[in-house]
Amino acid sequence: MELLEQIEDYWTDRAEGYSQVNQEELAGDNRTNWRRELESHFPEDRTNEIYKILDIGTGPGFFSIILAEAGYSVMAVDYTEAMLEEAKKNAGALAKKITYRQMDAQHLDFADETFDAVVSRNLTWNLEDPAQAYKEWMRVLKKGGVLLNYDANWYHHLFDAEKRAEYEKDREMVTESGLEDHYTCTDIDTMEEIARQVPLSRIGRPQWDQNVLEKLGAEHITVDAEVWKQVWSEVEKVNYHSTPMFGIEAVK
């Protein structure tokens with residue numbers, strides 16, 4: 001089976017469970033925290049209704065929902081059909097304000113300079129060719145547009161002994177805290193098999209991302225290594241303590 005098929009099959013199986021995670025986010029502080037974070041990078045003189053945003057790897061639709069709720073023009077894409085179905089259900093009445101497309105994040109079917117902003121979360125690490133994905137994301141951005149990518153060094157512990165020890169400590173802390181383990185409650189064997197095949201699990205980030213975006217001609221690149229403190233719930237902070245999320249802003 002080709003790697004892309006393996007990834008699609010995994011996320012198809014995860015769609016319902018991952019959707020429940022998004023529902024919990026929408027019901028809690030994540031909703032407000034993430035909207036505040038995203039909007040802090042948009043121009044102050046924008047008009048929400050005509051500000052076009054591409055949500056890549058929307059999954060069960062968290063970003064697209066909070067952005068449509070704020071009045072933006074949102075296009076949500078995902079490679080997995082089951083995820084898009086969950087996204088539509090989670091959006092409820094807002095679904096009619098969001099355009100959904102099944103699409104490969106590495107090969108977008110949009111014209112050059114279509115969007116004012118491109119946003120993504122926890123996707124890049126899971127791609128076969130993340131450099132190609134970045135190239136596409138920058139291509140569809142308008143001049144002066146902003147790319148916001150939120151990710152982490154997911155599964156780097158498979159290739160680094162020190163990180164492995166930190167990861168195991170996280171699992172102990174989750175158990176001691178009486179919380180649900182966000183790793184072991186999934187099909188961890190399949191996910192680790194995929195993680196061993198995709199390139200970014202082995203690479204130190206976000207320096208890699210900065211280098212790629214510089215080569216693509218981004219005018220302005222900033223990294224927020226502590227964005228996780230602002231957007232993660234307390235449950236996430238315990239589960240992923242050794243793998244903090246970073247945020248990357250790149251202006252075209």
Taking NZ, NE, NH1 and NH2 as the nitrogens, is one of them in [X] or [Y] under 4.0 Å from a carboxylate oxygen of the other?
{"X": "Glu219", "Y": "Lys143", "value": "yes"}
{"X": "Arg35", "Y": "Glu69", "value": "no"}
{"X": "Lys89", "Y": "Glu85", "value": "no"}

Just checking [X]: does its [atom1] atom have more than 12 heavy atoms from other residues, nucleotides or ligands closer to it than 6.0 angstrom?
{"X": "Glu81", "atom1": "CD", "answer": "no"}
{"X": "Lys142", "atom1": "NZ", "answer": "yes"}
{"X": "Glu176", "atom1": "CD", "answer": "yes"}
{"X": "Lys88", "atom1": "NZ", "answer": "yes"}
{"X": "Glu168", "atom1": "CD", "answer": "yes"}
{"X": "Lys215", "atom1": "NZ", "answer": "no"}
{"X": "Met173", "atom1": "CE", "answer": "no"}

(request) Assess the pair Trp34 and Tyr150: is the distance between their ring centroids shorter than 6.0 Å? (result) yes
Flag the pair [X] / [Y] as yes when at least one side-chain heavy-atom distance between them is below 4.5 Å, and no otherwise.
{"X": "Val74", "Y": "Ile65", "result": "no"}
{"X": "Phe42", "Y": "Leu67", "result": "yes"}
{"X": "Leu147", "Y": "Lys252", "result": "no"}
{"X": "Met138", "Y": "Leu141", "result": "yes"}
{"X": "Leu216", "Y": "Lys135", "result": "yes"}
{"X": "Glu24", "Y": "Val235", "result": "no"}
{"X": "Asp13", "Y": "Thr190", "result": "no"}
{"X": "His157", "Y": "Glu192", "result": "yes"}

Can you confirm whether the side chains of [X] and [Y] place a donor and an acceptor under 3.5 Å from each other?
{"X": "Tyr183", "Y": "Asp170", "value": "no"}
{"X": "Glu166", "Y": "Ser242", "value": "no"}
{"X": "Asn33", "Y": "Gln230", "value": "no"}
{"X": "Thr124", "Y": "Asn149", "value": "yes"}
{"X": "Thr12", "Y": "Glu8", "value": "no"}
{"X": "Asp187", "Y": "Tyr10", "value": "no"}

Please round to the nearest 0.5 Å and tell me the distance separating atom [atom1] of [X] and atom [atom2] of [Y].
{"X": "Arg31", "Y": "Ile66", "atom1": "CZ", "atom2": "CD1", "answer": "8.0 Å"}
{"X": "Glu39", "Y": "Asn48", "atom1": "CD", "atom2": "CG", "answer": "6.0 Å"}
{"X": "Arg121", "Y": "Leu123", "atom1": "CZ", "atom2": "CG", "answer": "11.5 Å"}
{"X": "Glu86", "Y": "Gln20", "atom1": "CD", "atom2": "CD", "answer": "8.5 Å"}
{"X": "Asp189", "Y": "Ile194", "atom1": "CG", "atom2": "CD1", "answer": "11.5 Å"}
{"X": "Thr222", "Y": "Leu148", "atom1": "OG1", "atom2": "CG", "answer": "8.5 Å"}

(message) Check the orientation of Trp154 and Tyr240. Use parallel for under 30°, tilted for 30 to 60°, and perpendicular for over 60°.
(response) perpendicular
(request) Fit a plane to each ring of Tyr134 and Trp137, take the angle between them on a 0 to 90° scale, and name the class: parallel (under 30°), tilted (30 to 60°) or perpendicular (over 60°). (result) perpendicular
Minimal non-hydrogen separation, [X] against [Y], with atom names:
{"X": "Pro199", "Y": "Leu127", "value": "CD-O, 3.4 Å"}
{"X": "Ala225", "Y": "Phe246", "value": "CA-CB, 4.3 Å"}
{"X": "Trp228", "Y": "Met245", "value": "CD1-O, 3.3 Å"}
{"X": "Val77", "Y": "Met103", "value": "CB-CB, 4.2 Å"}
{"X": "Asn239", "Y": "His182", "value": "OD1-N, 2.7 Å"}
{"X": "Gly247", "Y": "Val227", "value": "N-CG1, 3.5 Å"}

May I ask you to decide if [Y]'s main-chain N or O and [X]'s side chain share a donor-acceptor pair within less than 3.5 Å?
{"X": "Ser201", "Y": "Gln197", "result": "no"}
{"X": "Asp55", "Y": "Ser64", "result": "yes"}
{"X": "Lys163", "Y": "His156", "result": "no"}
{"X": "Ser19", "Y": "Pro60", "result": "no"}
{"X": "Arg202", "Y": "Arg196", "result": "yes"}
{"X": "Asp151", "Y": "Trp125", "result": "yes"}
{"X": "Arg139", "Y": "Leu108", "result": "yes"}
{"X": "Asp116", "Y": "Tyr51", "result": "no"}
{"X": "Gln106", "Y": "Asp129", "result": "yes"}
{"X": "Glu249", "Y": "Ile221", "result": "no"}

(request) Take Asn30 and Glu236 through the test side-chain hydrogen bond (donor to acceptor under 3.5 Å, both in side chains) and record every step on the way to the result. (result) CA-CA 11 Å; Asn30 299 67; Glu236 288 173 308; 3.2 Å; yes
Linked, directly or transitively: [X] and [Y] (ILVMFWY side chains, under 4.5 Å):
{"X": "Tyr167", "Y": "Val238", "value": "no"}
{"X": "Leu3", "Y": "Leu158", "value": "yes"}
{"X": "Tyr79", "Y": "Ile98", "value": "no"}
{"X": "Val231", "Y": "Tyr18", "value": "yes"}
{"X": "Met191", "Y": "Leu4", "value": "no"}

(request) Determine, stepwise, if the pair Ile53 / Phe63 fulfils side chain to side chain contact (heavy atoms under 4.5 Å, CB included). (result) CA-CA 10 Å; Ile53 302 176; Phe63 271 2; over 6 Å; no
(message) Between Asp9 and Gln6, does the side-chain hydrogen bond (donor to acceptor under 3.5 Å, both in side chains) criterion hold? Intermediate values first, please.
(response) CA-CA 5 Å; Asp9 285 350; Gln6 292 181 43; over 6 Å; no
